[in-house]
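Step one of this worksheet: look at the structure below.
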Amino acid sequence: MAAVCMAAALVLTACGRSGGGGASAPAGSVPSGKVTGTITLWAQGAEGEKLPKLIKGFEAANPGVKVKVTAIPWDAAHAKYQSAIAGGTTPDVAQMGTTWMADFADSFQTVARGIDTGDIFPDAKAAAVVKGDTVGVPWYVDAPVIYYRTDLAKKAGYTSPPKTWPEFKAMAKAMQTKAGAKWGVALRPGGGGSFQTMLPFVFSNGASLMNSSGSKWTLDSPQMAGAMKYYQSFFTEGIADRNLSIAPGAQESAFVKGRTPMLITGGVGISALNQAGGAGFERKYAVMPFPKKQSSTSFVGGSNLVVFRNSEHSAAAWKLVQYLSKAKAQADWYKTTGDLPAVQSAWNEPGLRTDPKLKVFKKQLDSVQAPPANTAWTQVSAAADSQLERIVKGTDHGSVLGTEVPAEQRGFDRNRELTDGTQYHQRPGRPPQDRPGCRARTARPEPRPE
C-alpha cells in the first residue's frame, strides 16, 4: 500500500521530550480551612471573558481570596506562556489546552492531594498526564460529532443517522442529489488545525499516531492511509468543498441555509447554530456520533487547569481548581459557555440530563482518543496540515495517490530537527508554526482550531 501523505512529507523518528527543564514540581494537599491572597489566573478567548462571573461564587465562599482573571487571545497565548516561563512571570493558575500540556509540563506542579478526579472522563484525565506525572485537572472536554439537518436528511431518504463509513458518504451525497444541498458535508480542506479535525477518521480506522512505546511516529500505517483516502474521496467526488470558507460564521450560515447540511464540530456548535438559525432552529438539526469503520472514535480535546510551580499562592490556587472541578460549577459553566463538563456527574444536572444532543456527546466521549503528550505535536500537526491541503487540492501526487516519490525529488530538508530532537522532513516554504491546537472544535476559525 502506498504510504500516507504524512509519511511522504514527514519522516519522524526518535521522538520524546528533551531532558531540559526538570520534572514538574510536587504539590501538597488542598487546604480544608481558610485561604487568603490574590490569585492570578490566565484564560483564553471566551473563557477568559466569561470566567469572572463564575469566580464570584468562589470568592463568596472564600472571603479572604480575590481572583484576578486575565483574558488572552488564543493566537497569542502559546507565545505568552513561553515568555512568562522564561521570565519567571507565570500566573498562579492557567487554562491550558490539552495539546499544549507537554510543551509546558516542566513548569507545572503535580496535582494536589484532595482534588477528586475519579469522576472525570478517563481519556480526558489521561491527557493531563505527561511522563507519568499528573500535571493538570480537566476543566472541560470537547469531542467533535457530526451535526446534520434532519429536515433535509428526511428529503434525502434518511430518518435515522448512518452508522458506517459507506453509509455516511452515501447520506452526504444524497443531501446533494435528493435534498438540493450544494455540498454534502463541510470538511476542512487544509490550513491550520485541519489534520486535527480529521483525527476522528484516523482513530476510527484503527490508526495510531505513535507506536506503543512512544518512540516513533506512525504516520505511514495502512490504517492512516485508509483514513486519508476516505477523507480525500469526499473532495475528489465533489461532496465537500475544496475552497471551504472558515471565516467567522461561514459554516454556521451554510448549515442554516441548507447549502452544506452536515458539519463536524464540538459542543459549542449547539449555541452557535441556535443563534445563527434563530427561534425554533434547534428542532431542524440533530447530532450523531462518528460513523464506524473499525470503531466510532472521536478526538478528545478541551482545556485543563494547571498551577505553576512558582506560584506564591499554591494553597489558594488549588482550592480554586477544586471549586471549578465540582459538578455544579461545571454544569453552570456549560450553561454560560457551551463547554462540555469534564466531570461526568455534571451531565446529570438539570438542563443537561435530558438534552438529546448532549446525550450523543456523552456517548461519543466514551470512545475518544487524544494526541500523544509530546512536545513535537505542535510542529508535527502543523506540517501535517500543510500536507493535507496538498492532498485535498491535488497538488501532491506521490503519497496517497499511488506511488511513493523518492525523497530526492520531494525537496526534503534532511538536516532539520524538531525542538525535542525528533527529525522530520517537510517541503520548503511552509515551516511549521506554533498555534493553539488545543481543542476539537471546528465551528470557529483559526487560529483557534476548535
Side-chain angles (χ1 to χ4, degrees), residues 43-54 71 73-75 95 139-154 161 175 179 181-183 185-188 193 197 241 244-289 298 301-303 330-341 346-347 349-362 364-365 436 438-450:
Q44 284 74 260
E47 284 76 14
E49 296 167 3
K50 296 178 180 180
L51 189 54
K53 180 179 179 180
L54 186 66
W74 274 104
D75 58 351
Q95 170 195 358
W139 184 23
Y140 59 83
V141 295
D142 214 356
V145 298
I146 298 170
Y147 289 65
Y148 68 103
R149 287 283 299 270
T150 51
D151 53 343
L152 297 182
K154 186 176 181 179
M175 287 288 205
K182 174 68 174 176
W183 305 104
V185 60
L187 298 176
R188 291 288 293 271
T197 63
D241 184 5
L244 179 75
S245 173
I246 58 170
Q251 291 187 49
E252 293 91 337
S253 176
F255 187 87
V256 169
K257 292 177 180 179
R259 284 175 51 84
T260 311
M262 290 200 289
L263 61 83
I264 298 170
T265 188
V268 72
I270 295 175
S271 58
L273 290 172
N274 290 350
Q275 182 176 357
F281 185 72
E282 71 277 3
R283 295 189 293 273
K284 292 185 177 182
Y285 73 93
V287 296
M288 59 176 158
S298 190
S303 285
Q330 295 215 342
D332 290 344
W333 189 235
Y334 167 76
K335 295 171 187 176
T336 300
T337 64
D339 292 333
L340 303 176
W347 295 70
E349 292 286 329
L352 284 76
R353 180 176 59 251
T354 59
D355 189 307
K357 295 181 177 70
L358 291 184
K359 287 181 179 180
V360 174
F361 276 99
K362 194 168 189 297
Q364 185 67 79
L365 282 163
C438 310
R439 306 179 67 178
R441 302 175 181 172
T442 57
R444 298 176 185 172
E446 284 298 303
R448 183 188 183 189
E450 300 185 87

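These numbers come from a predicted model, not from an experiment.
Nearest heavy atoms, V185 versus T260: C-CG2, 3.5 Å. Of all heavy-atom pairs between G48 and A71, the closest is C-CB, 3.7 Å. Shown here for T150 and A286, the closest heavy-atom pair between the two residues is CG2-CB, 3.6 Å. Listed here is the closest heavy atom pair of P261 and L152: CB-CD1, 3.7 Å. I270 and Y147 make their closest contact through N-OH, 3.3 Å (heavy atoms, listed as atom of the first residue, atom of the second, distance). Closest non-hydrogen pair, S271 versus V268, comes out as OG-O, 3.2 Å.
Between atom CZ of residue R188 and atom CG of residue D241 there is a gap of 12.5 Å, rounded to the nearest 0.5 Å. In this structure, T337 OG1 and K53 NZ are separated by 11.0 Å, a value rounded to the nearest 0.5 Å.
Below 30°, between 30° and 60°, or above 60°: for W333 and W139 the angle between ring planes is below 30°, a parallel geometry.
Other residues, nucleotides and ligands contribute only 12 or fewer heavy atoms inside 6.0 Å of the NZ atom of K284. In E282, the CD atom is crowded: over 12 heavy atoms of neighbouring residues, nucleotides or ligands sit closer than 6.0 Å.
In this structure the side chain of Q251 reaches within 4.5 angstrom of the side chain of L244, judged on heavy atoms. For the pair L358 and L340, the minimum side-chain heavy-atom distance is below 4.5 Å. By the 4.5 Å heavy-atom criterion applied to side chains, L54 and D332 are counted as neighbours. Using a 4.5 Å cut-off on side-chain heavy atoms (C-beta onward), P289 and V360 make contact. Here the side chains of F361 and V141 are not in contact, with every heavy-atom distance at 4.5 Å or above. Side-chain contact check for Y285 versus N274: some heavy-atom pair is nearer than 4.5 Å. Taking the side chain as every heavy atom from C-beta outward, E252 and L263 never approach each other to under 4.5 Å. Two residues are said to be in side-chain contact when any heavy atoms from C-beta on lie closer than 4.5 Å; M288 and Y148 meet this criterion.
No side-chain donor-acceptor contact under 3.5 Å links K335 to the backbone of L352. In this structure, Y334 contributes its side chain and W347 its backbone to no donor-acceptor pair below 3.5 Å.
Checking Q95 against Y140 by side-chain atom types alone, a donor-acceptor pair falls below 3.5 Å.
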Check the pair Q364 / S298 against side chain to side chain donor-acceptor pair (under 3.5 Å), numbers first and verdict last.
-> CA-CA 7 Å; Q364 185 67 79; S298 190; 4.9 Å; no
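Between D151 and R149 there is a salt bridge, with a side-chain nitrogen of the basic residue lying less than 4.0 Å from a carboxylate oxygen of the acidic one.
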